[in-house]
Amino acid sequence: MRAFTVHQGVAAPIMQDNIDTDQLIPSREMKRVSKSGLGAGLFAGWRYRYDGSQKIGPAEDFVLNQPAYRDASILLSGRNFGCGSSREHAVWALTDFGIRAIIAEGFGAIFRMNCGRNGLLAIDLPADQITALQRFCEADPQAHRLTIDLTNNRVDAGDQHSFAFSIDEADRHMLLNGLDFIDFSLQFRDDINRFAEAYRQQHSWAVLPPPSNVG
Amino acid sequence: MPQTLFDKIWDRHVVRNLDDGSSLVYVDRVFLHERTGGVALTSLAESGREVRNPAQVFATMDHILDTYPGRGDATEVPGGEAFITTMRATAREAGITLFDINDPRHGITHLISAEQAITLPGLVVVCPDSHTCTLGALGAIGWGIGTSNCEHAMATETLRARKPLQLAVEFSGELANGVTAKDMILYLIGKYSASGAANHAMEFRGPAISALDMEARFTLCNMAVEFSAFTGLIAPDEKTISYLAGRPYAPVGNRWDEAVEHWRALRSDDEATFDKVLSIDVSEVPPTVTWGISPQHAVAVTDGAPELDTADSSEQRAEFTQAMDYMGLKPGQPLIGLPIDGAFIGSCTNARLSDLRSAAAVLKGRRVAEGVRAICTPASAQVKQAAEREGLDQVFTGSGFEWREPGCSLCFNAGGEGFGPEQRVVSSTNRNFRGRQGPRTRTHLASPASVAAAAVAGCIADVRQYQEAAA
Ligand code: SF4
């Protein structure tokens, strides 16, 4: 996984509550049996103009299409960001587009975990602090970049604001070091083996026979 | 120390607590579907890893496949066939059990996981699908996850996570006529917002929950994720036990007796404390319909879109405006009488046998209004068969509904079949998100009987008028 230590970038505000993963990437944009190339589908319902269901060009007023935000790598948003469907494609679309961090007033539980697995930083801040960052960025999006420092758990808006944030310590450790989380867990293979054996003995009713209908 | 139901299951599954505050939690079952299952298995194989315990991994096809009669691997979703064939090939390669398209056990994952008793009380069950919380109705931890976590679960038989906070929602009182579990959960979300249970696992409890049959409990738990809960669950009781008895994957003989003994202890201790408690008197719950673009935009059917001056902040005002704009509504506009173009009864929320019966009771002897496209998709092959045995298919088709093959169908638009732009649809599903049922389609969530009433009326209608007239 790509490590996250310190990142500086343009932040784009999309100040709505409950931005669900269907908005982040509509299911119809998940065209191939693959995790890659999903950036084009990011916010597809908002980013393009349509004739019926045909895309006919960019929606000029959508924030990520505006020249000042085209290279945004941070999103600012409202409550419950990434609620809804568990599709990890939402995270893959964001990272493929170049988003490294999202600052919001809370996240959908599954989305938050998906972020942690893909080097995307999900930061919770209270509404008034997000509003302060939004004002700062909107004043001059290209010049007023945000700096996110995961080594010190701080978001800095030039010398105007500096906010502390906290994130799950396990996610933080994985992100800082860019660790593969399956390899990390497999360090405890012996514990898992021991546990599974004892568990199956104590809960024989929960154990399934080997599958019979495959071949 | 007194424990909650969730504690009892979670703690029993902790393999190891790590210094960083997370735990490795043992996973009993993994369920895959063709939308993401093939990607997960392919990626696992590419990284040189194996499914650790194929006996505990199951798969089906529900999201992408067509639901037209006579369907096969070909899909209306462009490129959809590849998802189906990849699921099949990777399932075979990994040696897991697949309930394929024409298998009599086929259906929506959360349905068949319960019907086959693959999920049992006290288990930790994961699936790369957010509505896995449906299975909490059996007294299990139903845990919706992403693809990476799904690979983790298959490779390690565990997930790594921090234990969530806990919320109890106490339901008392008796449901009024025309009110169902769907109305209960929409009412709850409408009252406390779509993030009301954020960071919490929630237990539904109280006399009004005990009174619900199993199918209604599935509906309730299904929408825990729309309340932003980690999951939702209900303590197993005698209804749960008799539901499971004799089902294909349920334990038998001594193992069944041991299981039942274990399950009877699976309830929150009287002294157990929750981080948060909410109470609802269900006699206050009306037939409920959504007006907007989030499940939190839920109101009594006799109500309407909100007046802008009821917004408690400028942000909420902007949210109302945006939602009404999308839905083609004006502030204060009543819901009853709003003309509809589509009616859909289906999904893991509300397409079980009792749902179809309640809709059929409204449809019997009536016709779907002209110009309304009405579709019923039973959630599983078994539901469909049971409904046909009772002649419900005749009631549906007789009234003008299409009668489909099981699958997710029009619950969501994957690029194939959808209701068109600006079409207004009343739907028994769980998400009224923008574009969910097709680009720019307008979705109103409601109970199956309310959907049937709207289909007949040609507009959003009060289901009670149709039930009383029929009685
Ligand atoms: S029926 Fe709808 S909500 Fe349920 S699993 Fe299928 S797509 Fe998801």
Side-chain angles (χ1 to χ4, degrees), chain A residues 15-18 20 22-23 26-35 45 50 52-53 78-80 83-88 91 106 108-111 113-114 117-118 168-170 172-173 181-182 184-186 188-189 191-192 195-196 199 203-215, chain B residues 15-16 18 20-22 24 26 28 38-39 42-43 49 54-56 78-79 82-83 86 92 95-97 120 123 128-130 144-149 151-152 155-158 160-162 194-195 198 228 230 249 251 255-256 258-259 294 319 412-415 421 431 433-436 439:
Chain A
M15 301 311 298
Q16 298 177 31
D17 290 343
N18 302 314
D20 58 79
D22 279 68
Q23 308 312 312
S27 188
R28 61 180 185 274
E29 296 290 336
M30 295 153 54
K31 293 177 186 139
R32 290 182 305 123
V33 190
S34 163
K35 299 180 178 181
Y50 291 87
S53 48
R79 260 183 255 165
N80 205 24
C83 60
S85 159
S86 63
R87 60 186 71 164
E88 199 159 316
V91 171
I110 304 172
F111 179 81
M113 284 193 97
N114 290 343
R117 302 303 185 231
N118 292 280
D168 184 282
E169 205 38 54
R172 181 167 180 269
H173 178 71
F181 70 104
I182 295 181
F184 181 91
S185 296
L186 285 173
F188 305 107
R189 193 184 267 114
D191 297 79
I192 298 171
F195 180 94
Y199 178 90
H203 304 81
S204 63
W205 55 268
V207 180
L208 290 166
S212 54
N213 64 343
V214 290
Chain B
V15 172
R16 186 183 172 120
L18 305 178
D20 55 27
S22 67
L24 273 183
Y26 183 72
D28 295 281
V39 177
T42 304
S43 162
R49 296 177 176 123
Q56 61 172 204
F83 288 86
T86 308
R92 178 165 303 160
I96 66 172
T97 302
L120 298 169
L123 301 189
D129 189 280
S130 59
I145 55 176
T147 307
S148 300
N149 263 340
E151 289 173 43
H152 188 285
T156 71
E157 254 179 283
T158 68
R160 176 164 160 236
R162 175 183 293 270
S195 51
S228 208
F230 176 90
Y249 286 89
R255 291 166 68 230
W256 170 259
E258 277 171 42
S294 159
E319 174 198 324
F412 82 120
N413 169 255
R431 286 184 176 144
F433 297 161
R434 284 164 279 185
R436 176 78 179 178

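So that the names make sense, note that chain A is the first sequence line, chain B the second, and so on, each numbered from 1.
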- With a 4.5 angstrom heavy-atom cut-off, could you sort out which part of A/Ser34 is near chain B: side chain, backbone, both or neither? backbone
- Query: Given the options B/Pro54, B/Gly415, B/Ala55, which has more heavy-atom pairs under 4.5 Å with chain A than any of the others?
  - Reply: B/Ala55
- Taking B/Pro251, B/Gly146, B/Gly435 one by one, which has the highest count of heavy-atom pairs under 4.5 Å against chain A? B/Gly146
- Query: Given that the side chain runs from C-beta out, which part of B/Arg160 has a heavy atom under 4.5 Å from chain A: side chain, backbone, both or neither?
  - Reply: both
- Query: Testing A/Asn80, A/Asn18, A/Asp20 for side chain to side chain contact (heavy atoms under 4.5 Å, CB included) with B/Ser294, which one passes?
  - Reply: A/Asn18
- Task: Can you tell which part of B/Thr86 gets under 4.5 Å to a heavy atom of chain A, answering side chain, backbone, both or neither?
- Result: side chain
- Query: Using non-hydrogen atoms only, which part of A/Phe111 is less than 4.5 Å away from chain B: side chain, backbone, both, or neither?
  - Reply: neither
- Item | Under 4.5 Å from any heavy atom of chain B - which part of A/Met15 | neither
- Task: Using non-hydrogen atoms and a 4.5 Å limit, figure out which bit of B/Asn149 sits close to chain A: side chain, backbone, both or neither.
- Result: both
- Test side chain to side chain contact (heavy atoms under 4.5 Å, CB included) on A/Tyr199 and B/Val15 and set out the steps. CA-CA 10 Å; A/Tyr199 178 90; B/Val15 172; over 6 Å; no
- Message: Checking B/Glu258 now: which residues fulfil salt bridge (charged side-chain N to carboxylate O under 4.0 Å, His left out) with it, not counting sequence neighbours?
- Response: none
- Taking every heavy-atom pair that is under 4.5 Å apart, which of B/Gly79, B/Ser148, B/Ala161 has the most such pairs with chain A? B/Ser148
- A/Arg87 versus chain B, heavy atoms under 4.5 Å apart: side chain, backbone, both or neither? side chain
- The interface call for A/Asp191 against chain B, heavy-atom contacts under 4.5 Å, is both
- Message: I'd like to know if the side chain of B/Arg255 reaches the main chain of A/Val207, judged simply by a donor and an acceptor atom lying under 3.5 Å from each other, with no hydrogens or angles considered.
- Response: yes
- Message: Heavy-atom count check: over 12 atoms from other residues, nucleotides or ligands less than 6.0 Å from A/Arg79 CZ?
- Response: no
- Query: Donor-acceptor pair, B/Arg434 side chain versus A/Gln23 backbone, under 3.5 Å?
  - Reply: no
- Item | All salt bridge (charged side-chain N to carboxylate O under 4.0 Å, His left out) counterparts of A/Glu29, not counting sequence neighbours | A/Lys31, A/Lys55
- Do you know which of B/Glu319, B/Gln56, B/Glu151 has the most heavy-atom pairs with chain A at a distance under 4.5 angstrom? B/Glu151
- Query: So which part of B/Thr156 gets closer than 4.5 Å to some heavy atom of chain A, the side chain, the backbone, both or neither?
  - Reply: both
- Item | Portion of A/Pro210 that has a non-hydrogen atom of chain B nearer than 4.5 angstrom | backbone
- Name the region of B/Leu120, side chain, backbone, both or neither, that has any atom closer than 4.5 Å to a heavy atom of chain A. side chain
- Using a cut-off of under 4.5 Å for heavy-atom pairs, which of A/Ala170, A/Gly106, A/Ala109, A/Gly78 has the most such pairs with chain B? A/Ala170
- Is a side-chain donor or acceptor of A/Glu169 paired with a backbone partner of B/Gly21 at a separation under 3.5 angstrom? no
- Relative to chain A, which segment of B/Ala194 carries a heavy atom at a distance below 4.5 Å: side chain, backbone, both, or neither? both
- Item | Interchain contact, B/Arg436 with chain A, by part (heavy-atom threshold 4.5 Å) | both
- Under 4.5 Å from a heavy atom of chain A, the part of B/Phe83 involved: both
- Task: Examine the side chains of B/Ser43 and A/Lys35 and answer whether a donor and an acceptor come within less than 3.5 Å of each other.
- Result: yes
- Do the non-hydrogen side-chain atoms of B/Leu18 and A/Phe188 ever get within less than 4.5 Å of each other? yes
- Task: Provide the closest heavy-atom pair for A/Ser86 versus B/Ser130 in the form atom of the first, atom of the second, distance.
- Result: OG-N, 3.4 Å
